[in-house]
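Reviewing the structure listed below.
Both counts, for ligands and for their atoms, begin at 1 and track the order of listing.
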Amino acid sequence: MSETNQNTPASQTLLNAIDSPADLRRLSRSQLPQLADEVRAHVLNSVSKTGGHLSSNLGTVELTIALHYVYDTPRDRLVWDVGHQTYPHKILTGRRDAMPTLRQQGGISGFPRRDESEYDTFGTAHSSTSISAAHGMAMAAKLKGESRRAVAIIGDGAMTAGMAFEALNNAGVAHGGLLGDVLVILNDNDMSISPPVGALNKYFTRLMSGKFYAAAREGAKSVLKNTPLYEFARRFEEHTKGMFVPGTIFEEFGFNYVGPIDGHDLDALIPTLENLRDRKGPQFLHLVTRKGQGYKLAEADPVKYHGPTPFNPAEGIKPSTAPAKKTFTQVFGDWLCDMAEADAKLVAITPAMREGSGMVEFHKRFPTRYYDVGIAEQHAVTFAGGLACEGMKPVVAIYSTFLQRAYDQVIHDVALQNLPVLFALDRAGLVGADGATHAGNYDIAFTRCIPNMSVLTPADENECRQALYTGHLHDGPVTVRYPRGAGVGAEIKKAMVALPWGKGEVRRRSSASQANGRGAPRIAILAFGTLLYPALKAAEALDASVANMRFVKPLDAELVAELARTHDALVTVEDGCVMGGAGSAVIESLQAQGFTVPVLQLGLPDEYIEHGEPGKLMAQCGLDAAGIERSVRDRFLTTAAPVAPVLRSVANT
Ligand SMILES: Cc1ncc(C[n+]2csc(CCOP(=O)(O)OP(=O)(O)O)c2C)c(N)n1
Ligand SMILES: CC(=O)[C@@H](O)[C@H](O)COP(=O)(O)O
Ligand SMILES: [Mg+2]
């Protein structure tokens, strides 16, 4: 019996004794409903304190208990799609008492992590990967002659990504005579983050509302419940269900389809999973659940409770009273509506992130020009390409990390054809609580190398608005990147004025540079994006010049040359990966122009930065003012490594 954690209410008598699924499997079936109540309470109690994903987790309590009760985990593999709904899974697999550390530095992740637990069989967070991974695990078991099973648990939202169907298409057939024993569980709560979109959702609704099948089931179950016949009827039903319900798309893919059944009913879940566990070949179980189950406020508004910050569960989420600075997301949302007013050709696309991308107002005001395409980033980009071919001005609002999902579409379907698509990249740089899977660290590197692509890095809220406007006017593909949350609180000018294309600006001149180089080396910091402000602060202490570069591509080569001519050393700072980032662009420009001035590149390191508080994480990466100052002193201003007199090339004269 584990020690009762002082943070957990005493009412968790069953849960406090469960440190692994083996403990769970020692419970009787009749104890499981109480355990479900305790797990649900623990989820609500924890998330209301730490913040995190809530409504999806409340919806998977019974499913999680049933899976660990029926399957021999971790020998049998569970792969959770997206993985934002795995708090019950973590609570039941030895991390109950770690929940207060959720998504905090050094604490447990909000998503499954292989390096966090053997029960987290596959790292997820980007959606729609679970069927592919589970299929791989199932085929490996076949090839190795192991009897283990693989289960993918995927939501109705995640099912809208093409990758899920790529996997179904592959998993449903034999390979070399071997057929994987994979179970795909569709956790259908009729919700993505926003209300679901697309034809697939309508199809699921038809399946769920299969009148005859549902009625036949309920009738049989209530009559036979708790009788020996129930078992017979259950098996009979399996073999006769095809007579009542027309073949489903999943059966066309080669899966044995079962369902829909109530994903909160343990008496339905457990026998069904026991039956499916012992069947060979690809199985598909369609569950109907409710997002937010068991907490009325989340049941009523699963969108609001998808990923709340800390709140009082007794009162629910209250609007913040603090006069908050506008977030970059809000700046984008405001600009989008203003631009739509001014330009009828503007259309806006989101791959299932309406709220997170700040598009609720745009959707309300411009419903015919708003497209939520579901979790389908590849389609979102090429769809925008098609719109642009016909003279529309599409804006693809997408988190930097999710654009990674559509890289070929950006190159092949948009940039190569030089189509005017504006990519509004939110969550650029470190995002904090979601950790490495959601970091937008790489977009500067992976977009600036694409011919025809332009890359803008606004420094504050006002410049973000102007950069979006500038990108919208540009006749070619453009990315404008901005971080999660608020900036410095710059005054936002309503008037939209295009930035001088490809031009940066000097924001501070070092006095050393006006002293013709006597004394301390003359240093210039070239800042990209919101790191302009910590750079300015560091420059005060360093007496360095500072340039707000604004554009990574086209880079202001003239400004780079002028700074190289008038300074002994250059420093680049960016909230993106150093490798291939903006600093690399500056070095390439210096080389191309024949300059040999030393350059210190500051940015995100070649490693994954885990979840934590963004400000602290940036400081740990040396990207706060103190860190920038420290790095410049260490590199250029210590006697140990003085800046050598620069051999000035011809270009310097
Ligand atoms: C590739 C990708 N795009 C977008 C997201 C953002 N996202 C996280 S959860 C979610 C909705 C998932 O809906 P569903 O699969 O139905 O799970 P539910 O939240 O309903 O349990 C989205 C769009 C993501 N994680 N990965
Ligand atoms: C699970 C998932 O991918 C989304 O819910 C994501 O966590 C949202 O991130 P933001 O909180 O930055 O909008
Ligand atoms: Mg869903």
Side-chain angles (χ1 to χ4, degrees), residues 51-61 63-64 80-88 103 109-112 123-131 152-164 185-198 200-201 204-205 208 263 286-293 298 302-303 305-309 327-329 350-359 372-381 397-407 426-440 482-485 611 614:
H53 290 98
L54 181 62
S55 45
S56 48
N57 282 286
L58 293 171
T60 55
V61 170
L63 170 59
T64 306
W80 294 90
D81 207 283
V82 181
H84 63 313
Q85 79 291 56
T86 55
Y87 300 173
R103 306 189 334 153
S109 167
F111 303 105
T124 51
H126 284 199
S127 81
S128 317
T129 61
S130 62
I131 304 173
I153 305 101
I154 183 168
D156 53 307
M159 273 305 290
T160 58
M163 181 175 180
I185 296 178
L186 171 63
N187 174 25
D188 190 353
N189 54 24
D190 198 24
M191 281 299 291
S192 186
I193 295 179
S194 325
V197 296
L200 196 61
N201 173 259
F204 291 154
T205 303
M208 279 196 262
H286 185 174
L287 299 185
V288 178
T289 62
R290 176 162 52 183
K291 203 163 180 178
Q293 175 78 3
V303 176
Y305 286 87
H306 172 80
T309 51
T327 64
F328 281 97
T329 303
T350 174
M353 298 301 284
R354 177 184 66 177
E355 285 75 12
S357 297
M359 296 169 75
D372 178 352
V373 297
I375 307 182
E377 287 83 4
Q378 297 176 340
H379 165 61
V381 173
I398 187 167
Y399 289 18
S400 166
T401 191
F402 298 142
L403 184 65
Q404 293 163 191
R405 187 60 69 91
Y407 193 49
D426 202 334
R427 282 31 174 211
L430 297 180
V431 294
D434 274 340
T437 54
H438 283 60
Y482 42 92
R484 186 177 198 276
H611 47 272

Check: [X] side chain, [Y] main-chain N or O, donor-acceptor pair, under 3.5 Å:
X      : Y      : value
Gln293 : Thr60  : no
Arg354 : Pro195 : no
Ser400 : Gly429 : no
Lys291 : Val303 : no
Gln85  : Gly83  : yes
Tyr87  : His53  : yes
Arg484 : Pro614 : no
Ser128 : Met163 : no
Asp81  : Ser127 : no

Do Gln404 and His126 have side chains that get closer than 4.5 Å, going by heavy atoms? yes

With heavy-atom distances below 4.5 Å as the criterion, would you say the side chains of Asp190 and Val288 are in contact? no

If you measure from atom 16 (O) of ligand 1 to every heavy atom of Gly307, Gly157, Ser194, which option wins on shortest distance? Gly157

Give the single entry among Met163, Arg290, Glu377 that approaches atom 1 (C) of ligand 1 most closely by any heavy atom. Glu377

Of all the atoms in ligand 2, which lie at a distance below 4.0 Å from a heavy atom belonging to [X]?
X      : answer
Phe402 : 3 (O)
His306 : 5 (O)
Phe111 : 1 (C)

Hey, is ligand 1 close enough to [X] that some N/O pair sits below 3.5 Å?
X      : answer
Val82  : no
His438 : no
His126 : no
Met191 : yes

Of all the non-hydrogen atoms in the protein, which one sits nearest to [atom], and at what distance?
atom                    : value
atom 6 (C) of ligand 1  : Met353 SD, 3.4 Å
atom 23 (C) of ligand 1 : Ile375 CD1, 3.4 Å
atom 6 (C) of ligand 2  : Asp434 OD2, 3.3 Å
atom 2 (C) of ligand 2  : His438 NE2, 3.5 Å
atom 5 (C) of ligand 1  : Phe402 CZ, 3.3 Å
atom 11 (O) of ligand 2 : Arg484 NH2, 2.9 Å
atom 4 (C) of ligand 2  : His53 NE2, 3.8 Å
atom 21 (O) of ligand 1 : Asn189 ND2, 3.3 Å
atom 11 (C) of ligand 1 : Ser192 OG, 3.3 Å
atom 26 (N) of ligand 1 : Ser127 N, 2.9 Å

What distance do Asn57 atom CG and His306 atom NE2 have between them, rounded to the nearest 0.5 Å? 9.5 Å

Nearest 0.5 Å, please: how far is CG in Asn201 from OG1 in Thr160? 9.5 Å

Taking all non-hydrogen atoms of both residues, which atom of Leu200 and which atom of Met159 are closest, and how far apart? CD2-O, 3.4 Å

Can you name the nearest heavy-atom pair linking Pro88 to Val61, along with the distance? CG-CG2, 4.1 Å

Of all the atoms in ligand 1, which lie at a distance below 4.0 Å from a heavy atom belonging to [X]?
X      : value
Ala352 : 23 (C)
Lys291 : 18 (P), 19 (O), 20 (O)
Ala158 : 14 (P), 15 (O)
Ala125 : 24 (C), 25 (N), 26 (N)
Gly155 : 14 (P), 15 (O), 16 (O)
Ser56  : 19 (O), 21 (O)

What do we get for Ile193 next to ligand 1 when only non-hydrogen atoms under 4.0 Å count, side chain, backbone, both or neither? both

Logged contact type for Ser55 with ligand 1, heavy-atom cut-off 4.0 Å, is neither

Flag Arg427 as yes when one of its N or O atoms lies below 3.5 Å from any N or O atom of ligand 2, and as no otherwise. yes

Output yes if Asn189 passes the N/O/S-under-2.8 Å test against the Mg ion (ligand 3); output no otherwise. yes

Report whether any nitrogen, oxygen or sulfur of Met191 sits less than 2.8 Å from the Mg ion (ligand 3) (N, O or S, backbone or side chain). yes

Please determine if Asp434 and Arg103 form a salt bridge, counting it only when a charged side-chain N lies under 4.0 Å from a carboxylate O. yes

Give the intermediate values and the outcome of side-chain contact (heavy atoms from CB on, under 4.5 Å) for residues Ile153 and Leu63. CA-CA 10 Å; Ile153 305 101; Leu63 170 59; 3.8 Å; yes

Please name the atom of Asp156, restricted to N, O or S, that is closest to the Mg ion (ligand 3). OD1

Does a donor on one side chain and an acceptor on the other come within less than 3.5 Å for Asp426 and Ser357? no

